[in-house]
Amino acid sequence: MRIAFLVRAYPTVSETFIRDQIEGLRARGLSVDVYSLYKGSPPAPHAVEERAAHYLIGEELPLPAAILRAGLRSAQGLMHPGALLRLVPIARRHPRIAAEALHAVQGLASATAGEPYDVVHAHYGPTGMLGLALRRAGLLTGPLVTTFHGIDLARYPLQHGRDCYRWLFENAAALTVNSQFAEARALALGAPPHLLHRLPMGVNLESIPFQPPSRPTSGPFRLLSVGRLEEVKGISFGLRAVRVLMDRGVDVRYTVVGDGRLSQALRAEAAELGIDSVVHFTGPRPLTGVIEEMRRSHLFVMPGVETSDKQAETPGRVLVEAQAVGLPIVASRVGGIPETLGAGAGELVEPRDVTGLADAMDRMLGSTAEWEVMGRCGRRHVERTFD
């Protein structure tokens, strides 16, 4: 069976679930070709992965520049006229997708050699639209499966209209979502129920040994958050809750793993709150580094929010990993987090409620005798649902 994976950037530290899925298919003896528009950033942690991907476009450009470059390539004869004509109707409604498809034409033609695939699997809704465009141009052959992850069901429809995926919904062979929350959003956008499948992105439990925390005999309680430093992750509320705990005399250290647009702003906020001496921003870490941080921690904190452009955690992959390790959890009741947190594995609080978040963290740190029980509840939930 031949499978083509179509992704926007590969590999990336924040999307290890795509790499895991590809490796899992290959381990089962299936042939998988990876087509990525751009190289992942930061650079690929495994050289073998980079060699295994076909990179179709060198750099991501602003839309006007992308259209201009596509036009120049066409004028220079670097694109097949037939492919260009077949993409013209798409350009009227989806100019960026058409421009990226035009850029990808040359690289994809040489990579695929026109051979058909049994399945073309696109990750994220806009990439699924790109897959349709490339199929229309005659460069990808095979039924299209598109996996939605969350942001593509929020920000993209706000930018392009609620019927932005109509073409995809009419032409995909199957659509997958990672949670009930994401499923409801996809249905609200018009996804045909008969094409929609709820399929969480699983974790390899063999690589995550169960190790619930023990009460520290001395020193501070260690709190941990992991994720992109963007508004949706709610790290600002975690910082403010740590300030409340310190004011109550609780000895804590707070580690934040990840990087993003709010990196400098969050560091500045920690300094303004007077907690920068107990907060450690590590930057991005590979999965092995994340698991190591989890094993050193006592409590996992996920203070996510829903943003003004309707972003929210769908399943929260890192929440699955934290439960697999056995960490007790404090998380926001938002998006798909409630269905991802196992019963008895932790506590949910209202998003943006700093006092409520601090209270829950305080209760959890005071319930050390229950940590192992909570850890086992979380691990069982992951084994049943996310293996």
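Basis for what follows: all heavy atoms, side chains included, without hydrogens, waters or symmetry-related copies.
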Inset, instruction - Please step through side chain to side chain contact (heavy atoms under 4.5 Å, CB included) for the pair L196 and L187, ending with a clear verdict. - result: CA-CA 8 Å; L196 204 55; L187 289 170; 3.8 Å; yes

Inset, instruction - Please check if the side chain of E183 supplies one atom and the backbone of V177 the other of a donor-acceptor pair under 3.5 Å. - result: no

Inset, instruction - Considering non-hydrogen atoms only, spot the tightest contact between V257 and G283 and give its length. - result: CG1-O, 3.6 Å

Legend entry - Short N-O contact, D152 and R8, less than 4.0 angstrom: no

Legend entry - Donor-acceptor pair, side chain of T146 and main chain of L175, under 3.5 angstrom: no

Legend entry - Atom pair CD (E347) and CG (L357), whose distance is rounded to the nearest 0.5 Å: 9.5 Å

Inset, instruction - Using the side chain to side chain contact (heavy atoms under 4.5 Å, CB included) rule, take F300 and V226 through it: C-alpha gap first, then chi angles, then the decisive distance, then the call. - result: CA-CA 9 Å; F300 189 79; V226 180; 3.9 Å; yes

Inset, instruction - Report yes or no: do V301 and L341 belong to one cluster of Ile/Leu/Val/Met/Phe/Trp/Tyr joined by side chain heavy-atom distances under 4.5 Å? - result: no

Inset, instruction - Kindly say whether D259 contributes a backbone atom to a donor-acceptor pair with the side chain of S263 at under 3.5 angstrom? - result: no

Legend entry - Greater than 12 external heavy atoms within 6.0 Å of E206's CD: no

Legend entry - Residue that, paired with Y10, satisfies side-chain contact (heavy atoms from CB on, under 4.5 Å) out of L6, T12, V7: V7

Inset, instruction - In sequence, state the C-alpha distance, the side-chain angles, and the governing distance for V242 and V252, and then conclude on side chain to side chain contact (heavy atoms under 4.5 Å, CB included). - result: CA-CA 8 Å; V242 166; V252 294; 4.0 Å; yes

Legend entry - Cationic N near anionic O, under 4.0 Å, E306 to R155: no

Legend entry - Donor-acceptor under 3.5 Å (R261 side chain, L229 main chain): no

Legend entry - Pair D362 + R248: basic N to acidic O under 4.0 Å: yes

Legend entry - Carboxylate-amine/guanidinium contact R285 E292, below 4.0 Å: no

Legend entry - Ion pair D251/R222, N-O distance below 4.0 Å: no

Inset, instruction - Look at the side chain of T141 and the backbone N and O of P116, then say whether any donor-acceptor pair between them is shorter than 3.5 Å. - result: no

Inset, instruction - For L153 and F181, run side chain to side chain contact (heavy atoms under 4.5 Å, CB included): C-alpha distance rounded to whole Å, both residues' side-chain angles, the deciding distance at 0.1 Å, then the answer. - result: CA-CA 10 Å; L153 296 169; F181 175 72; over 6 Å; no

Inset, instruction - Taking only Lys NZ, Arg NE, NH1 and NH2, and the carboxylate oxygens of Asp or Glu, determine whether R296 and E293 approach each other closer than 4.0 Å. - result: yes

Legend entry - Side chains of Y124 and E15, donor plus acceptor under 3.5 Å: yes

Legend entry - Nearest non-hydrogen partners of A345 and Q323, listed with the distance: CB-OE1, 3.7 Å

Inset, instruction - Say whether, by atom type as modelled, one donor and one acceptor occur between the side chain of D118 and the main chain of I3 under 3.5 angstrom. - result: no

Name the atoms and distances for all side-chain donor-acceptor pairs under 3.5 Å in residues 378-387, with sequence neighbours left out.
from: R379; atom 1: NE; to: E383; atom 2: OE2; distance (Å): 3.3
from: R379; atom 1: NH1; to: I208; atom 2: O; distance (Å): 2.6
from: R379; atom 1: NH1; to: A324; atom 2: O; distance (Å): 2.7
from: R379; atom 1: NH2; to: I208; atom 2: O; distance (Å): 3.4
from: H381; atom 1: NE2; to: T340; atom 2: O; distance (Å): 3.0
from: T385; atom 1: OG1; to: H381; atom 2: O; distance (Å): 3.1

Legend entry - Side chain R240, main chain T355, donor-acceptor under 3.5 Å: no

Legend entry - T314 side chain vs S179 backbone, donor-acceptor pair below 3.5 Å: no

Inset, instruction - Indicate whether the side chain of E269 and that of S236 have a donor and an acceptor atom separated by less than 3.5 Å. - result: yes

Legend entry - Proximity of Y165 and F148 rings by center, below 6.0 Å: yes

Inset, instruction - Hey, can you tell me if F5 and H121 have their rings parallel, tilted or perpendicular (30° and 60° cut-offs)? - result: tilted

Legend entry - Lys/Arg-Asp/Glu bridge criterion (N-O < 4.0 Å) met for D33, R2: yes

Inset, instruction - Check for a donor-acceptor pair, side chain of W371 on one end and backbone N or O of L299 on the other, with a separation under 3.5 Å. - result: no

Inset, instruction - Go through the side-chain N and O atoms of T176 and T147 and say whether any donor and acceptor fall under 3.5 Å apart. - result: yes

Taking only distance into account, with no hydrogens and no angle test, what donor-acceptor pairs under 3.5 Å do side-chain atoms of residues 126-133 form with protein atoms, sequence neighbours excluded?
from: T127; atom 1: OG1; to: H123; atom 2: O; distance (Å): 3.1

Inset, instruction - Establish, for the pair R166 and F169, whether the NZ or CZ atom is under 6.0 angstrom from the six-membered ring centre and no further than 45 degrees off its axis. - result: no

